[in-house]
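Chain identifiers are assigned alphabetically (A, B, ...) following the order of the sequence lines, protein sequences preceding nucleic acid strands; residue numbering begins at 1 within each chain. Small disclaimer: the values here were computed from a predicted structure and weren't measured.
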Amino acid sequence: DGGITQSPKYLFRKEGQNVTLSCEQNLNHDAMYWYRQDPGQGLRLIYYSQIVNDFQKGDIAEGYSVSREKKESFPLTVTSAQKNPTAFYLCASSIVPGMAEAFFGQGTRLTVV
Amino acid sequence: GQSLEQPSEVTAVEGAIVQINCTYQTSGFYGLSWYQQHDGGAPTFLSYNALDGLEETGRFSSFLSRSDSYGYLLLQELQMKDSASYFCAIPSGNTGKLIFGQGTTLQVKP
């Protein structure tokens with residue numbers, strides 16, 4: 001079945017450690033996105049990629065980094081510079097950049113202690 | 001920049017009709033999307049309006065007025081399973097972004 005896979009579903013890390021969240025899609029979509037969601041809040045755009053080997057900062061990119069070496073994969077690294085990393089992270093993809101319909105993974109809930 | 005505004009919460013009873021409004025500010029408008037997210041789950045796409053008017057998909061309808069920078073999602077014959085958060089979103093064809101509103105939590109009561 002085609003879709004987006006995020007792993008792991010739950011992740012715990014100590015403060016000061018970098019952590020990488022995985023996002024893989026087999027939909028052959030060009031565009032991929034990372035969002036952060038805090039309790040009771042909307043989805044805030046962290047980074048997005050329109051094509052392989054290219055990505056742009058979203059609205060809250062500070063303390064995060066990404067790579068897009070393969071069309072299928074768009075990993076997100078939460079660095080120690082991110083002051084409040086505990087959140088629910090969602091990865092999405094769309095056929096082309098900026099398309100109305102995006103497909104989301106099940107999310108990774110990151111807790112930093 | 002781009003911004004969207006939605007009410008934070010709406011409550012309705014089973015079988016009723018509810019309307020969730022969304023106003024937006026953006027340059028280069030391409031249309032308004034709606035997504036549903038159950039607690040702890042992944043958002044799922046519901047509808048998209050590129051032109052003014054009403055789009056109907058089963059119990060759900062979405063409306064857009066480009067001149068008023070306004071849209072709404074209409075849910076009819078509410079069911080308990082409709083309890084979820086609903087987000088409006090602006091796709092931006094020229095920048096590649098997809099920006100979401102803060103979301104409206106709908107609680108359906110028996």
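Ranked by heavy-atom pairs under 4.5 Å with chain A, the list B:Ala42, B:Ser33, B:Ser8 is led by B:Ala42. Of the residues considered (B:Gly103, B:Pro43, B:Gly40), B:Pro43 shows the highest number of contacts with chain A, using heavy-atom pairs under 4.5 Å. Between chain B and the residues A:Glu101, A:Gln6, A:Gln106, the most heavy-atom pairs under 4.5 angstrom are made by A:Glu101.
Within the 4.5 angstrom heavy-atom criterion, atoms from both the backbone and the side chain of A:Ala100 approach chain B. Interface remark: A:Tyr35 contributes side-chain atoms only to the contact with chain B (heavy atom separation under 4.5 Å). For B:Gln37, the part lying under 4.5 angstrom from a heavy atom of chain A is the side chain only. Using a 4.5 Å cut-off between heavy atoms, A:Arg44 does not touch chain B at all.
No continuous path of hydrophobic side-chain contacts links A:Ile60 to B:Ile90 [ILVMFWY only; heavy atoms under 4.5 Å]. Note on B:Leu75 and B:Met80: same hydrophobic cluster, where clusters join Ile, Leu, Val, Met, Phe, Trp and Tyr whose side-chain heavy atoms are under 4.5 Å apart, directly or indirectly. Note on B:Leu54 and B:Leu73: separate hydrophobic clusters, where clusters join Ile, Leu, Val, Met, Phe, Trp and Tyr whose side-chain heavy atoms are under 4.5 Å apart, directly or indirectly. Residue B:Trp34 is not grouped with residue B:Tyr70 when hydrophobic side chains (ILVMFWY) are merged at heavy-atom distances under 4.5 angstrom, including chains of intermediate members. The hydrophobic cluster containing A:Tyr89 also contains A:Val66, counting ILVMFWY residues as joined when their side-chain heavy atoms lie under 4.5 angstrom apart, directly or transitively.
Residue-environment remark: CD (B:Glu5) stays at or below the threshold of 12 foreign heavy atoms within 6.0 Å. Around the CD atom of A:Gln17, the shell of radius 6.0 Å holds more than 12 heavy atoms that belong to other residues, nucleotides or ligands. Around atom CG of B:Asp68, more than 12 heavy atoms belonging to other residues, nucleotides or ligands sit under 6.0 Å away.
Closest heavy-atom contact between A:Met99 and B:Leu98: O-CD1, 3.9 Å.
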For A:Phe104 and B:Phe45, what are the C-alpha separation, side-chain angles and deciding distance, and is it a side-chain contact (heavy atoms from CB on, under 4.5 Å)?
CA-CA 9 Å; A:Phe104 282 81; B:Phe45 174 81; over 6 Å; no
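Rounded to the nearest 0.5 Å, atoms CG (A:Leu43) and CD1 (B:Ile99) are 10.0 Å apart. For the atom pair B:Phe100 CZ and A:Gln41 CD, the distance stands at 15.0 Å (nearest 0.5 Å).
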